[in-house]
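Some notes on the structure that comes next.
Side chains included, hydrogens not; waters and symmetry mates left out as well; all remaining heavy atoms used. Labels below follow one simple rule: chain letters A, B, ... track the order of the sequence lines, proteins then strands, and each chain is numbered from 1. Everything numeric here is computed off the predicted structure, so don't read it as measured data.
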Number of protein chains: 2
Amino acid sequence: MVNIESATIQATEEKILSAATLIFRARGKEGARMQDIADEAGINKALLHYYFHSKDLLFEKVFKENSNLFFSKLNQIIQSDTALFDKIDNLCDAYISMSLENPFIPILIIDESNKNPSEFIQKLFSGSNKKPNFNTFKEQIRLEVKAGKIKPTNPEHLIMNILGLCIFPVISRPMMKFTMGLSDREFTLAMEERKKIVPAFIIESIRKK
Amino acid sequence: MVNIESATIQATEEKILSAATLIFRARGKEGARMQDIADEAGINKALLHYYFHSKDLLFEKVFKENSNLFFSKLNQIIQSDTALFDKIDNLCDAYISMSLENPFIPILIIDESNKNPSEFIQKLFSGSNKKPNFNTFKEQIRLEVKAGKIKPTNPEHLIMNILGLCIFPVISRPMMKFTMGLSDREFTLAMEERKKIVPAFIIESIRKK
DNA sequence: GTCTATACTCGGATAGAC
DNA sequence: GTCTATCCGAGTATAGAC
């Protein structure tokens, strides 16, 4: 038997959360309207405040939940015990997939973090959200360089390269589509291609021949 | 002799424009307050409306002016009659420099274009703003492939790679600094390094050996 | 828990004097 | 062209009935 009452609570909270995700994604924090979120969830404004008290808190909740998926996946891959080239492969695949599914997360992170760097980052990594840790990865690169399997490679730049190659095209979707004259379908296909092309591009550049 | 009256007009309009640039950069379109722009310019709200009529129009003006610098420079380099590897060098240098000086331009483009793709892009490239044209560049790549100087290379993906490698780290500055534990000075130095590292990284990957 | 109705605030925009 | 004062809509938040 299901507890009807708490099942209802759960349903409403979930409905709000996914409605809020949708609206914040489409209009940003400032541009989003509580009324729109309420409409999207099929309830009224008062109930939003009943559940989440304020727009600020609702945004924080939605945002932390979503971005955490991102960072925890990243940490998981980057700290795993996998050969370097495979790891790069996994990283690219995961980043491109996640960005495609949730482009608004990197966009909001970039946007909000530039507006209010210290406060934003502090909030983002408070509670259970763990900050990305590149130490294992850096060490792995040093070892591969030492072993003569890859060229001397600066780990920080390599990480920036991976992130830029995977995330940027996805969050720039409208501009990329427009400047290159791609349909929605063609763009998605191009991103699928990139899951192979990007790791190949990176590895071709760093491996010793 | 200077015409005092129009010199004053010019001065005020300029003051407003650079104040608006500053505020829009810091808070985005929705987050920006006309009062803050007025304060920054050392005038009052009424005068803002006297000069630019509405917030929307002021934003459009500021934004188009700034982004045009970006796109015209891009077109200039990409359509120039320069050898491919030199062109990649020039592109990276210009993109990294411009993003460093005006990170808010790519951020706003990404942000606003995702919110309202068709309308935004239409406005962006109305009037004298010219859309980026990659045709020359694509043709150049095809020729180099044919001549056996570079590996078979998809031009669209190469362009995305260049843009991502140059722009992404700069617009993600706060996150990059935080996750890699860099000071402001160290970050700037790293970006200067990238003007050499990125083209080398790209060329190493595509050139035929 | 959910609704309707309403209070309150912020901020963009305008009127009108100088 | 510039100011002060004011309006008014939009949108967040709350009160209170059910």
Quickly work out the A:Leu58 CG to D:dA13 C1' distance and round it to whole Å. 14 Å
Map A:Ala46 and A:Arg33 onto DNA chain D by nearest heavy atom, then report which one ends up closer to the 5' terminus. A:Arg33
Side-chain N or O of A:Thr12 closer than 4.0 Å to phosphate OP1/OP2 of C:dT2: yes
Is a donor from one side chain sitting under 3.5 angstrom from an acceptor on the other, for B:Arg194 and A:Asn161? yes
At what distance, to the nearest 0.5 angstrom, does CG of B:Leu48 lie from CG of B:Leu57? 12.5 Å
For the helix from C:dG1-D:dC18 to C:dC18-D:dG1, measure the angle between the helix axis at one end and the axis at the other, each built from five pairs, rounding to 10°. 0°
Measuring to OP1 and OP2 of C:dT14, would you say a side-chain N or O of B:His49 lies under 4.0 angstrom away? no
Looking at every strand, decide which applies to B:Ala32 at a 4.0 Å heavy-atom threshold: base, sugar-phosphate, or nothing. sugar-phosphate
In terms of side-chain geometry, is the basic nitrogen of A:Glu119 or A:Lys123 positioned less than 4.0 Å from the acidic oxygen of its partner? yes
Salt bridge flag under 4.0 Å for residues A:Lys29 and A:Asp56: yes
To the nearest angstrom, how far is B:Phe24 atom CZ from C:dG12 atom C1'? 12 Å
Residues at least two apart in sequence or cross-chain that pass side chain to side chain donor-acceptor pair (under 3.5 Å) with B:Glu186, listed by chain then number, are B:Ser183
Which of the following nucleotides, D:dG1, D:dT4, D:dT12, is nearest to the side chain of B:Tyr51? D:dG1
Could you tell me how far apart B:Glu13 (CD) and D:dT2 (C1') are, to the nearest whole angstrom? 15 Å
If I take atom CZ in residue A:Arg27 and atom P in nucleotide D:dA10, what distance separates them, rounded to the nearest angstrom? 15 Å
Given C:dC3, D:dC3, D:dT12, the nucleotide with the shortest approach to the side chain of B:Leu47: D:dC3
Out of C:dT2, D:dA13, C:dC3, which has the shortest distance to the side chain of A:Lys45? D:dA13
Between A:Phe201 and B:Phe201, what is the ring plane arrangement, given parallel below 30°, perpendicular above 60°, and tilted in between? perpendicular
Stepwise ring-ring contact (aromatic ring centres under 6.0 Å, His included) test for B:Phe104 and B:Phe24: CA-CA 8 Å; B:Phe104 82 110; B:Phe24 281 131; 8.9 Å; no
Take atom CD1 of B:Ile43 and atom C1' of D:dG1, then tell me their distance rounded to the nearest Å. 11 Å
From CZ of A:Phe59 across to P of D:dA13 the rounded distance in Å is 14 Å
Touch check for B:Leu48, heavy atoms < 4.0 angstrom, all strands: base, sugar-phosphate only, or nothing? nothing
Nearest-angstrom distance from the residue atom NZ of A:Lys55 to P of D:dA10: 15 Å
Can you check the A:Glu30 CD to C:dG12 P distance for me, whole Å? 11 Å
